[in-house]
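A short write-up of the structure that comes next.
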Amino acid sequence: MSEFQAPIGTHDVIGPESYEWEGLIGTFAEFAHRFGFSLVISPMFEDIGVFNRGIGENSDVAKKEMYVFTDRGDRTYALRPEGTASVVRAFVQHNPTTPWKAWYATPAFRYERPQAGRYRQHHQVGVEVLGSDDPAVDVEVITLAWRFYEAIGLKRIRLLINSMGHDECRGAYVELLKAHLKANVSSLCEEHQKVWEQNPLRVLDCKKAPCIEVTSNGPMLPDHVCAECSAHFAKVVAGLTSLGITPELNPRLVRGFDYYTRTTFEFVADSLDGAQNAIGGGGRYDKLTEELGGKPTSGIGFGSGIERLLLTRQAEGISSALVDRSVDVFVIDTTDADLATSLCDELRRHGLSVERAFDGRSMKSQMKLADKSGARFALLIGPQEQAAGQVTIRDLRSADHEQAQSQVSRDSVTTAIFNLITK
RNA sequence: GUGGGUGUAGCUCAGCUGGUUAGAGCGCCAGGUUGUGGUCCUGGAGGCCGCGGGUUCGAGACCCGUCACUCACCCCA
């Protein structure tokens, strides 16, 4: 047991697992590009107000899960607990032309007890679109997520969707809901009997039987959003359906952050256990920009947890690699002239992945390393090759020692390798 | 924050009711005669048995504390 370990709830990602991360983030970057999004990199910590106003001071995350600290200049900062607030803060600050379409890959920090698929530092990929309330934007954002999930091989995924309504109709609905809850307080679950008033919408999301009973007899969001919101939502659902992405309407779907308006959605993986089966979520947030001091600007986005996406791939039994990180060539040098250095450099400059051994290992030992590296070819330079100005090329996939080898002059190695690879 | 399980080699784990120099498999390193991998054989390195205290002639085993990991609740990604 080493003296220092990664802090509670954090983890190191090292090879070969990190190849999956490279592949996943690379795939997301590719899809973001296809959909016209550009990368945004913003600070990992912000004035605490960005998050408090962004995600709502009453949300669980803001109340008890934020990593808050004071710097040497007495400024109060928090490590970002999610991706959206920072991006919107950046939007307000720079006021770029709209619609502004940004994607990100970032760690997120929440102080909570770690558990399967839940960490104090986890990682998300996501996108945001600022400056358009066109339902086609909602469709595009959700489609991007969906196509990305398809591309990484996920099959058992469902899209849950709901509309929270805009400021006014949602406000009116919350009043109705409050009245209903108040009349039935004693029938709620133990916990919500105490806290229902703080965030009544959360009671809709409660999985306990008493709360479900009470809320199913009460007002439901879809019946109370205004005509405009209702029409907007219908267009989103129709748009998705036309692309073959069938959303499941879930009138109980409300999310943990207060900023959501209108379209709200969540992706769940049926292959994961219920407690942590949300692999992504998002929605529209038409008031958030104002909360952070900007002009009224509608926005929508989603975030998806990298750890959970990889867990889901595992749970679905997907074994295909997301990226090829195999070595092309392994250079074996048993001379004392270190001829490997220049040969490696030459091949690498031509774009090949090249590995070699160090520390003057024996021929046999270097061959073993070449085998373990998974390289297709081994290039051998021993005293004989050195004297003849040649290099031995050996195909490591072949079992036959003699037939697998050929010799070429040192000057034509690169050409010879490329001929073999493309053959 | 609350509760359950677990901490022995790089990894996965054995170590029976406390008893000598702490084990296996995999991995790692080196050999198996002249410069050649994947199989096989032989040898080797590597552990303050999470940490601190206690009981005992004697503790990896028992007791207390502590830290960490893990799972669940809450909530989320």
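Atom set for the values below is all heavy atoms of this structure, side chains included, hydrogens, waters and symmetry mates excluded. Labels below follow one simple rule: chain letters A, B, ... track the order of the sequence lines, proteins then strands, and each chain is numbered from 1.
Atom P of B:A68 sits at a distance of 15 Å from the matching atom of B:C51, rounded to the whole Å. When the P atom is compared between B:A24 and B:U66, the two are found 36 Å apart, to the nearest whole Å. Rounded to the nearest Å, the gap between the C1' atom of B:A59 and that of B:U17 is 14 Å. Atom name C1', nucleotides B:C26 and B:A45: the rounded distance is 16 Å, in whole Å. Look at the C1' atom in both B:G60 and B:C16: the space between them is 14 Å, to the nearest Å. Across the P atoms, B:G54 and B:A14 are found 30 Å apart, a figure rounded to whole Å. Straight-line distance between the P atoms of B:C64 and B:U6: roughly 14 Å, to the nearest whole Å. B:C41 and B:G25 have their P atoms separated by 11 Å, with the value rounded to a whole Å.
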What donor-acceptor contacts under 3.5 angstrom involve side-chain atoms of residues 373-382 of chain A, with partners at least two apart or in another chain?
from     : atom 1 : to       : atom 2 : distance (Å)
A:Ser373 : OG     : A:Ala370 : O      : 2.7
A:Ser373 : OG     : A:Ala375 : N      : 3.1

Do any side-chain atoms of residues 124-133 of chain A form donor-acceptor pairs under 3.5 angstrom with protein atoms, and if so which ones, sequence neighbours left out?
from     : atom 1 : to       : atom 2 : distance (Å)
A:Gln124 : NE2    : A:His122 : NE2    : 2.9
A:Glu128 : OE1    : A:Tyr285 : OH     : 2.5
A:Glu128 : OE2    : A:Thr84  : OG1    : 2.8
A:Ser132 : OG     : A:Asp134 : N      : 3.2

Got a list of side-chain donor-acceptor pairs under 3.5 Å for residues 22-33 of chain A, not counting sequence neighbours?
from    : atom 1 : to       : atom 2 : distance (Å)
A:Glu22 : OE1    : A:Arg325 : NE     : 2.8
A:Glu22 : OE1    : A:Arg325 : NH2    : 2.7
A:Glu22 : OE2    : A:Arg325 : NE     : 3.3
A:Thr27 : OG1    : A:Gly23  : O      : 2.7
A:Glu30 : OE2    : A:Arg34  : NE     : 2.9

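Of the side-chain N and O atoms in A:Arg361, one or more sit less than 4.0 angstrom from OP1 or OP2 of B:C29. Regarding contacts with the backbone of B:U36, every side-chain N or O of A:Gln366 stays at 4.0 angstrom or more from both OP1 and OP2. In this model, the phosphate group of B:A30 is approached by a side-chain N or O of A:Ser365 to a distance below 4.0 Å at OP1 or OP2.
Of the inter-residue distances, the one linking A:Phe69 atom CZ with A:Leu79 atom CG reads 5.5 Å to the nearest 0.5 angstrom. Between atom CD of residue A:Glu140 and atom CD1 of residue A:Ile300 there is a gap of 10.5 Å, rounded to the nearest 0.5 Å.
A heavy atom lying under 4.0 Å from RNA chain B marks the following residues of residues 373-385 of chain A, by number: A:Leu380, A:Gln384, A:Glu385. Listed by residue number, the members of residues 139-161 of chain A with any heavy atom below 4.0 angstrom from RNA chain B form an empty set. RNA chain B is contacted by A:Ile8, A:Gly9 of residues 8-15 of chain A, taking any non-hydrogen atom closer than 4.0 Å.
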Protein-nucleotides 44-46 of chain B N/O pairs closer than 3.5 Å?
none

Between protein and nucleotides 2-5 of chain B, what N or O pairs are separated by less than 3.5 Å?
from : atom 1 : to       : atom 2 : distance (Å)
B:U2 : O4     : A:Arg113 : NH1    : 3.0
B:G3 : O6     : A:Arg113 : NH2    : 3.2

- Query: If you write RNA chain B from 5' to 3' in dot-bracket form, with Watson-Crick or G-U pairs under 3.5 Å, [ ] for crossing pairs and | for pairs with another strand, what do you get?
  - Reply: (((((((..((((.....[...)))).(((((.......))))).....(((((..]....))))))))))))....
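Applying the side-chain contact (heavy atoms from CB on, under 4.5 Å) rule to A:Ala340 yields the partners A:Val331, A:Asp333, A:Asp338, A:Arg356; only residues at least two apart in sequence or on another chain are considered. With sequence neighbours excluded, the residues forming a side-chain contact (heavy atoms from CB on, under 4.5 Å) with A:Gln121 are A:Thr10, A:Pro107, A:Phe109, A:His123, listed by chain and number. Under the side-chain contact (heavy atoms from CB on, under 4.5 Å) criterion, A:Lys364 pairs with A:Ser362, A:Lys368, not counting sequence neighbours.
Looking at A:Asp371, its side chain has no donor and acceptor atom pair within 3.5 Å of the base of B:G38. Side chain A:Arg118 to base B:C74: a donor-acceptor pair is found below 3.5 Å.
Between A:Glu290 and A:Lys287, at least one side-chain N (NZ, or NE/NH1/NH2) sits under 4.0 Å from a carboxylate O, which counts as a salt bridge. Using a cutoff of 4.0 Å between basic side-chain nitrogens and carboxylate oxygens, A:Lys372 and A:Glu355 are not scored as salt-bridged.
In this model, a donor atom of one side chain and an acceptor atom of the other lie less than 3.5 Å apart for A:Glu385 and A:Thr392. Between the side chains of A:Arg89 and A:Ser42, no donor-acceptor pair is found at a separation under 3.5 Å. Between the side chains of A:Arg262 and A:Ser298, no donor-acceptor pair of N or O atoms lies under 3.5 Å. Inspection of the A:Asp411 and A:Ser409 side chains reveals no N or O donor paired with an N or O acceptor under 3.5 Å.
Around atom CG of A:Asp273, no more than 12 heavy atoms belonging to other residues, nucleotides or ligands sit under 6.0 Å away. Within a 6.0 Å sphere centred on CG of A:Asp336, heavy atoms belonging to other residues, nucleotides or ligands number 12 at most.
Here the C1' atom of nucleotide B:C75 and the CZ atom of A:Phe109 are 19 Å apart, to the nearest Å. What separates CD of A:Gln5 from P of B:G7 is a distance of 15 Å, to the nearest Å. Taking atom NZ on A:Lys364 and atom P on B:C28, their separation rounds to 14 Å, with Å as the unit. In this structure, the CG atom of A:Asp359 is 10 Å from the P atom of B:A30, given to the nearest Å. One atom, CZ of A:Phe302, and another, C1' of B:A77, lie 12 Å apart when rounded to the nearest Å. The nearest whole Å value for the distance from the CG atom in A:Leu204 to the P atom in B:C75 is 13 Å.
Across all strands shown, A:Lys368 has heavy atoms under 4.0 Å from sugar-phosphate atoms exclusively, and none from any base. Looking at heavy-atom distances under 4.0 Å, A:Glu82 makes no contact with the nucleic acid at all. Residue-level contact check: A:Ile279 touches the backbone only, with heavy atoms under 4.0 Å from sugar-phosphate atoms and none from bases. Using a 4.0 Å heavy-atom cutoff across all strands shown, A:Thr392 reaches no nucleic acid atom at all. Across all strands, A:Asp205 comes closer than 4.0 Å only to sugar-phosphate atoms, never to a base (heavy-atom distances). Residue contacts shown for A:Ala370 are absent, as no nucleic acid heavy atom lies under 4.0 Å away. Here A:Gln115 lies in heavy-atom contact (under 4.0 Å) with a base.
Aromatic ring orientation, A:Phe267 versus A:Tyr149: perpendicular (interplanar angle above 60°, classes split at 30° and 60°).
Position along RNA chain B of the nearest nucleotide to A:Tyr111 versus A:Tyr119 favours A:Tyr111 as the more 5'-ward residue. Closest-nucleotide positions on RNA chain B for A:Arg397 and A:Gln121 were compared, and the one nearer the 5' end corresponds to A:Arg397.
Side-chain contact check for A:Leu240 versus A:Ile161: some heavy-atom pair is nearer than 4.5 Å.
Cation-pi geometry between A:Arg120 and A:Tyr111 is met: under 6.0 angstrom from the ring centre, within 45 degrees of the axis.
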